[in-house]
Amino acid sequence: MTDAASLADRVRAGELRLHELESHADADTAAEARRRLVEEYSGASLDSVGNYGFPAEAAESAIENMVGAIQVPMGVAGPVTIDGGAVSDETYLPLATTEGALLASVNRGCSVINSAGGATARVLKSGMTRAPVFRVADVAEAEALVSWTRDNFAALKAAAEETTSHGELLDVTPYVVGNSVYLRFRYDTKDAMGMNMVTIATEAVCGVVEDETTASLVALSGNLCTDKKPAAINAVEGRGRSVTADVCIPRKVVEERLHTTPEAVAELNTRKNLVGSAKAASLGFNAHVANVVAAMFLATGQDEAQVVEGANAITTAEVQDGDLYVSVSLASLEVGTVGGGTKLPTQAEGLDILGVRGGGDPAGSNADALAEAIAVGSLAGELSLLSALASRNLSSAHAELGR
Ligand SMILES: CC(C)(COP(=O)([O-])OP(=O)([O-])OC[C@H]1O[C@@H](n2cnc3c(N)ncnc32)[C@H](O)[C@@H]1OP(=O)([O-])[O-])[C@@H](O)C(=O)NCCC(=O)NCCSC(=O)C[C@@](C)(O)CC(=O)[O-]
Ligand SMILES: NC(=O)C1=CN([C@@H]2O[C@H](COP(=O)(O)OP(=O)(O)OC[C@H]3O[C@@H](n4cnc5c(N)ncnc54)[C@H](OP(=O)(O)O)[C@@H]3O)[C@@H](O)[C@H]2O)C=CC1
């Protein structure tokens, strides 16, 4: 059996490349050999990075050139009561973060939501998109391709669904810019976030398009998907799950637990989250939905780069019969409970806290439940932060808890 020292020697001698070590030793030994080399090269000590709590083999399809793991502390907020389409339960919310005061804030929001009997959440639209870009000769050919795509949707759907036993092609929306044609394919990916699934399926679809038309594929992703970039198309059309949560908090609870009034929160929400965001030309009309999305993404093994779309949310607040109504609508929350980072042991335990590890019954219900839980966590965070701003204790809270 090769040990880490001799593996490192072989890399130094130029016999092996850094990314080839798993072919010559188990994954933990390979990671140890890389740490030795990186420590030697950089002068850094990687003792903490090397002190990880799962077999390196478990991370095989999640990372290359592994040297260890970064540990982010995880806490829980709640339990919070959720009346959802896929989850109807009281549940703790797992959040991993390094921002002191965040868990306290979401926890306060959850307890206030419970005082109102719980929050309601629903997934209102679902579909993962991939939009390849094709080159055509001119606008006449572009129009012909668009018509052909509409007329031959059944053939495209059949080609896509040959590549997956779970995914379903739902529709295609064409966009034309001169002699470039973008076909935005939308799939039901059930419990998978689905980017690998839809990329593989769309490649098969593109093969049919190229065989049957004059169009030539330029790229499997033409950026109208839109993955991992801020984009209005996701805010308007949705991507992944479009999910909304709301709650009406009794005035007494707002005054006693949040130290403010429904009127103050409603005014603050309008001037900050709506008018302030509009003036800033922001895509996020909210206070800190990204905080909860990022923390719950890390805790449950989601693709952290998709926090970009996850934070595409609008928060509303209004006074209803003297009480405080608050809602959060996340237009493009891309989540899965199978595949990707959800398989890692600690992240799978995060999913277990919510009771959504793996495939749901029916398929897709676990990912819906995860989306609803993240929406309610976001609602809790919005309620607490808006109230902290209204009662002017944001900086004191962070000074106390976050430094
Ligand atoms: C910090 C609080 C909650 C204090 O709020 P409080 O009402 O003074 O605290 P409290 O001691 O009376 O406790 C109330 C409840 O808060 C929770 N709580 C309280 N302390 C803890 C704790 N240590 N650990 C866990 N939970 C805690 C807990 O639920 C507790 O109830 P209890 O269980 O005791 O009956 C409040 O001031 C607050 O929420 N502040 C806002 C902090 C926040 O939301 N920070 C988010 C990050 S800000 C940011 O990143 C984005 C920003 C601001 O730049 C975006 C923008 O532009 O808007
Ligand atoms: N390729 C790309 O362009 C991009 C990839 N990514 C990465 O893609 C990964 C996520 O892709 P994703 O496709 O979700 O994951 P995986 O590639 O891990 O695939 C998930 C697979 O799980 C199978 N499956 C089993 N049970 C279910 C169920 N209940 N519901 C749905 N599928 C089920 C499906 O197989 P089957 O299809 O055979 O039915 C599905 O394709 C992440 O690692 C992410 O970082 C992110 C962005 C872009």
Side-chain angles (χ1 to χ4, degrees), residues 61-63 75-78 80 95 97 99-115 128 130 160-168 187-203 220-221 225 227-228 240 256-260 268-269 272-273 276-277 280 282 284 286-292 294-295 297 301-306 309 311 315 334-344 356-367 380-402:
S61 63
I63 188 92
V76 290
V80 62
L95 295 106
T97 184
E99 183 175 14
L102 179 60
L103 266 288
S105 176
V106 179
N107 203 29
R108 178 170 75 156
C110 288
S111 89
V112 165
I113 286 171
N114 286 343
S115 308
M128 181 48 78
R130 189 42 113 197
E161 292 177 10
E162 256 175 44
T163 67
T164 167
S165 55
H166 287 84
E168 290 171 30
Y187 298 82
D188 180 352
T189 59
K190 309 294 178 194
D191 290 304
M193 179 276 280
M195 276 315 292
N196 279 340
M197 182 201 281
V198 308
T199 302
I200 293 163
T202 304
E203 185 164 49
L220 198 46
S221 168
C225 313
D227 196 40
K228 303 183 177 175
E256 286 177 4
R257 302 278 296 156
L258 297 173
H259 323 301
T260 181
L268 189 146
N269 189 70
K272 170 188 169 66
N273 283 346
S277 299
S282 173
N286 63 78
H288 70 143
V289 168
N291 263 337
V292 175
F297 269 30
Q302 309 305 308
D303 187 325
E304 62 274 9
Q306 291 178 328
E309 294 93 286
T315 299
E334 296 139 339
V335 289
T337 59
V338 301
T342 66
K343 287 176 287 192
L344 290 165
V356 299
R357 184 203 287 224
D361 183 16
S365 56
N366 271 359
E382 290 294 277
L383 259 171
S384 198
L385 175 53
L386 290 177
S387 302
L389 287 166
S391 63
R392 302 190 181 189
N393 73 355
L394 176 68
S395 64
S396 60
H398 278 259
E400 193 181 321
L401 288 168

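Indexing begins at 1, ligand by ligand and atom by atom, following the structure's order.
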Present, as a list of atom pairs with distances to 0.1 Å, all nitrogen or oxygen contacts under 3.5 Å between ligand 2 and the protein.
| residue | atom | partner | partner atom | Å |
| --- | --- | --- | --- | --- |
| ligand 2 | 1 (N) | Asn196 | OD1 | 2.8 |
| ligand 2 | 3 (O) | Arg130 | NH2 | 2.8 |
| ligand 2 | 3 (O) | Thr199 | OG1 | 3.3 |
| ligand 2 | 8 (O) | Asn196 | OD1 | 3.4 |
| ligand 2 | 8 (O) | Asn196 | ND2 | 3.3 |
| ligand 2 | 11 (O) | Asn196 | N | 3.1 |
| ligand 2 | 13 (O) | Asn196 | N | 3.2 |
| ligand 2 | 13 (O) | Met197 | N | 2.9 |
| ligand 2 | 14 (O) | Met193 | N | 3.3 |
| ligand 2 | 14 (O) | Gly194 | N | 2.6 |
| ligand 2 | 17 (O) | Asn196 | ND2 | 2.9 |
| ligand 2 | 18 (O) | Gly340 | N | 3.3 |
| ligand 2 | 26 (N) | His166 | NE2 | 3.3 |
| ligand 2 | 29 (N) | Asp191 | OD2 | 3.1 |
| ligand 2 | 30 (N) | Asp191 | N | 3.0 |
| ligand 2 | 37 (O) | Thr164 | OG1 | 2.6 |
| ligand 2 | 39 (O) | Thr164 | OG1 | 3.3 |
| ligand 2 | 39 (O) | Ser165 | N | 3.0 |
| ligand 2 | 39 (O) | Ser165 | OG | 2.8 |
| ligand 2 | 39 (O) | His166 | N | 2.9 |
| ligand 2 | 39 (O) | His166 | ND1 | 2.6 |
| ligand 2 | 45 (O) | Asp303 | OD2 | 2.7 |

Considering only non-hydrogen protein atoms, determine which one is nearest to [atom] and report residue, atom name and distance to 0.1 Å.
| atom | result |
| --- | --- |
| atom 51 (C) of ligand 1 | His288 CB, 4.0 Å |
| atom 7 (O) of ligand 1 | His259 NE2, 2.8 Å |
| atom 39 (O) of ligand 1 | Ser384 OG, 2.7 Å |
| atom 40 (N) of ligand 1 | Ala388 CB, 3.4 Å |
| atom 52 (C) of ligand 1 | Leu385 CD2, 4.4 Å |

Is there a donor-acceptor contact under 3.5 Å from the side chain of [X] to the main chain of [Y]?
| X | Y | answer |
| --- | --- | --- |
| Asn269 | Thr315 | yes |
| Glu382 | His288 | yes |
| Arg130 | Thr202 | no |
| Ser277 | Asn273 | yes |

* Options Asn107, Val106, Val292, Leu268, ranked by nearest heavy atom to atom 28 (C) of ligand 1, top entry ->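 The option holding the nearest heavy atom is Asn107.
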* **Nearest neighbour of atom 35 (O) of ligand 1 from the list Arg257, Lys272, Arg108, on a heavy-atom basis** =>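 Comparing heavy atoms across Arg257, Lys272, Arg108, the nearest one to atom 35 (O) of ligand 1 lies in Arg257.
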* To do: Of the side chain and backbone of Ala104, name the one, both, or neither that has a heavy atom under 4.0 Å from an atom of ligand 1.
  =>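 For Ala104, backbone and side-chain atoms both sit under 4.0 Å from ligand 1.
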* Could you tell me whether Asn291 approaches ligand 1 through its side chain, its backbone, both or neither, with non-hydrogen atoms closer than 4.0 Å? => side chain
* Asked: Which of the atoms of ligand 1 are close to Glu99, meaning less than 4.0 Å from one of its heavy atoms?
  -> 47 (C), 48 (S), 49 (C), 50 (O)
* **Atom indices of ligand 1, in the order listed, that fall short of 4.0 Å to a heavy atom of Ala287** =>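 Heavy-atom distances to Ala287 below 4.0 Å select 55 (C), 56 (C), 58 (O).
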Less than 4.0 Å between [atom] and some protein heavy atom, yes or no?
| atom | result |
| --- | --- |
| atom 9 (O) of ligand 1 | no |
| atom 26 (N) of ligand 1 | yes |
| atom 31 (O) of ligand 1 | yes |
| atom 4 (C) of ligand 1 | no |

